[in-house]
Number of protein chains: 2
Amino acid sequence: MGLLMVLLQVIHYKAMVRDIQMELFGGIIGLLFLVFGIWLGMKLFNKNTSEKYDGSKLGLSKREVEVLELLAQGFSNQEVADKLFVSLNTAKTHISNIYTKLNVKRRTQAIQKARDLALIPTPKG
Amino acid sequence: MGLLMVLLQVIHYKAMVRDIQMELFGGIIGLLFLVFGIWLGMKLFNKNTSEKYDGSKLGLSKREVEVLELLAQGFSNQEVADKLFVSLNTAKTHISNIYTKLNVKRRTQAIQKARDLALIPTPKG
DNA sequence: ATTTACTTCATTCTTTTGGGTGATTTAATC
DNA sequence: GATTAAATCACCCAAAAGAATGAAGTAAAT
């Protein structure tokens with residue numbers, strides 16, 4: 001009878017341990033699903049947060065590519081300046097240099113060319 | 001001894017049932033995390049996926065869509081006017097009306113929105 | 001016939017954009 | 001230490017773009 005009691009105790013103990021493991025396991029699974037969900041959400045609805053676009057071929061600096069992306073998002077010179085925390089003059093200088101390097105005359109053309117050269121993300125993907 | 005065997009069988013059975021329930025529970029939790037993750041991913045990486053628009057046409061006239069296409073090709077107001085054989089003033093009027101109807105402030109935004117609404121062909125596909 | 005929508009053009013005015021030049025600072029490189 | 005590339009900002013000027021009007025002709029629909 002004592003042996004039986006011990007046996008039952010052991011079974012009970014193992015069940016408890018498994019419960020804890022189960023909770024841990026469930027938590028990990030949950031986390032994995034969370035990560036996967038975020039990744040999936042990103043893929044499905046992405047606007048490409050961070051991917052490097054190489055402007056080196058055309059001598060575009062990283063700052064200029066940055067400006068280019070803002071132009072492509074439809075911002076005015078002043079808005080670009082604000083978003084980069086620089087003066088309007090600075091923004092205009094960057095933009096002018098971009099036009100020269102891309103060999104275009106207007107911002108709409110610059111946006112087109114930048115997209116065409118894959119210097120900036122495309123609207124859809 | 002027979003009673004003991006039965007007892008063990010019952011315990012084992014209950015553990016199995018609980019295992020199944022656990023798996024179900026874990027699956028549900030996983031799904032919830034998945035949904036939450038997707039939602040989070042959407043929130044984090046989506047910048048206005050789609051904006052509800054009135055009708056499919058938004059009240060844009062044939063001529064206005066024509067102007068829109070030229071804008072999207074990077075032409076200046078004067079160039080648009082020339083291509084349509086109208087005066088600069090007329091082109092500007094059309095363009096202004098387009099901005100009003102599309103509810104935008106700049107031509108770059110108009111181009112974007114027009115593409116987004118598939119009012120004009122996209123550069124790629 | 002009257003209304004309605006579209007297209008056309010004009011004027012006036014303000015804002016934005018673009019071109020050109022030059023200067024300063026900083027970081028990296030030689 | 002000198003050179004170089006970036007990034008920053010300023011000033012001036014001209015052109016383009018945009019906002020807000022009004023108006024006139026035309027074609028289609030009611």
Side-chain angles (χ1 to χ4, degrees), chain A residues 50-117 119-120 123, chain B residues 51 53-117 119-120 123:
Chain A
S50 63
E51 203 173 322
K52 289 177 182 176
Y53 298 90
D54 194 12
S56 59
K57 275 81 180 177
L58 298 137
L60 284 173
S61 72
K62 58 177 178 291
R63 196 57 156 172
E64 285 163 348
V65 175
E66 218 174 334
V67 171
L68 214 31
E69 285 173 8
L70 293 174
L71 288 190
Q73 285 167 39
F75 294 115
S76 70
N77 291 357
Q78 185 61 64
E79 287 170 336
V80 169
D82 291 343
K83 289 196 176 284
L84 296 181
F85 301 103
V86 297
S87 76
L88 174 60
N89 284 319
T90 300
K92 286 175 64 175
T93 299
H94 285 314
I95 293 169
S96 264
N97 292 335
I98 289 171
Y99 295 164
T100 300
K101 290 181 180 178
L102 288 187
N103 193 33
V104 296
K105 290 183 179 296
R106 282 178 284 282
R107 67 172 43 203
T108 47
Q109 295 175 345
I111 295 167
Q112 275 185 209
K113 195 147 194 171
R115 290 224 172 95
D116 198 45
L117 299 176
L119 298 176
I120 57 174
Chain B
E51 196 175 319
Y53 58 97
D54 315 326
S56 52
K57 290 210 169 197
L58 292 159
L60 282 173
S61 74
K62 199 184 334 179
R63 197 59 157 170
E64 285 163 349
V65 174
E66 219 174 333
V67 171
L68 213 31
E69 285 172 7
L70 293 174
L71 287 189
Q73 286 167 39
F75 294 115
S76 68
N77 290 357
Q78 184 61 63
E79 286 169 337
V80 169
D82 291 344
K83 288 191 178 289
L84 296 181
F85 302 104
V86 296
S87 77
L88 173 61
N89 284 319
T90 300
K92 287 174 68 174
T93 298
H94 284 314
I95 294 169
S96 265
N97 291 335
I98 289 170
Y99 295 164
T100 300
K101 290 182 179 178
L102 287 187
N103 193 32
V104 296
K105 290 185 181 299
R106 282 177 284 283
R107 68 172 40 204
T108 47
Q109 296 176 343
I111 295 167
Q112 275 185 203
K113 196 147 195 173
R115 291 222 171 96
D116 198 44
L117 300 177
L119 297 176
I120 56 175

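So that the names make sense, note that chain A is the first sequence line, chain B the second, and so on, each numbered from 1. No experiment lies behind these values; they were computed from the predicted model shown.
Distance from the side chain of Val86(B) is smallest for dT8(C) among the nucleotides dA10(C), dT7(C), dT8(C). The side chain of Thr90(A) approaches dC9(D) more closely than any other nucleotide in the set dC9(D), dA7(D), dT7(C).
Taking Gln78(B) as the reference, Asp82(B) meet the side chain to side chain donor-acceptor pair (under 3.5 Å) condition, with sequence neighbours excluded. By the side chain to side chain donor-acceptor pair (under 3.5 Å) test, Ser96(B) pairs with no residue at all, sequence neighbours left out. Listed by chain and number, the residues in a side chain to side chain contact (heavy atoms under 4.5 Å, CB included) with Thr90(B) are Val86(B), Ser87(B), His94(B) (sequence neighbours excluded). For Asn97(A), the side chain to side chain donor-acceptor pair (under 3.5 Å) test picks out no residue, with sequence neighbours left out. Glu69(B) meets the salt bridge (Lys or Arg N to Asp or Glu O under 4.0 Å) test with no other residue; sequence neighbours excluded. Under the side chain to side chain contact (heavy atoms under 4.5 Å, CB included) criterion, Lys105(A) pairs with Gln109(A), not counting sequence neighbours. With sequence neighbours left out, the salt bridge (Lys or Arg N to Asp or Glu O under 4.0 Å) criterion links Arg115(B) to no other residue. Glu64(B) meets the side chain to side chain donor-acceptor pair (under 3.5 Å) test with Ser61(B), Lys101(B); sequence neighbours excluded.
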Contacts under 3.5 Å, N or O only, protein and nucleotides 15-24 of chain D:
unit_1: dA17(D); atom_1: OP1; unit_2: Asn77(B); atom_2: N; d: 3.4
unit_1: dA17(D); atom_1: OP2; unit_2: Asn77(B); atom_2: N; d: 2.9
unit_1: dG18(D); atom_1: OP1; unit_2: Tyr99(B); atom_2: OH; d: 3.3
unit_1: dG18(D); atom_1: OP1; unit_2: Arg107(B); atom_2: N; d: 3.1
unit_1: dG18(D); atom_1: OP2; unit_2: Tyr99(B); atom_2: OH; d: 2.6
unit_1: dG18(D); atom_1: OP2; unit_2: Arg107(B); atom_2: NE; d: 3.3
unit_1: dG18(D); atom_1: N7; unit_2: Lys92(B); atom_2: NZ; d: 3.0
unit_1: dG18(D); atom_1: O6; unit_2: Lys92(B); atom_2: NZ; d: 2.7

Set out, line by line, the N/O atom pairs under 3.5 Å between protein and nucleotides 28-30 of chain C.
none

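Between the CG atom of Asp82(A) and the P atom of dT16(C) there is a distance of 11 Å, given to the nearest Å.
In this structure, Ser61(A) does not reach the dA5(D) phosphate: none of its side-chain N or O atoms is under 4.0 Å from OP1 or OP2. For the pair Arg63(A) and dT8(D), the criterion of a side-chain N or O lying under 4.0 Å from OP1 or OP2 is met.
Residue pairs meeting the salt bridge (Lys or Arg N to Asp or Glu O under 4.0 Å) criterion with at least one member in residues 83-94 of chain B: none, sequence neighbours excluded.
A rotation axis mapping the C1' atoms of four pairs onto the next four is fitted at both ends of the helix from dA1(C)-dT30(D) to dC30(C)-dG1(D) over five pairs, and the angle between these axes is 40° to 10 degrees.
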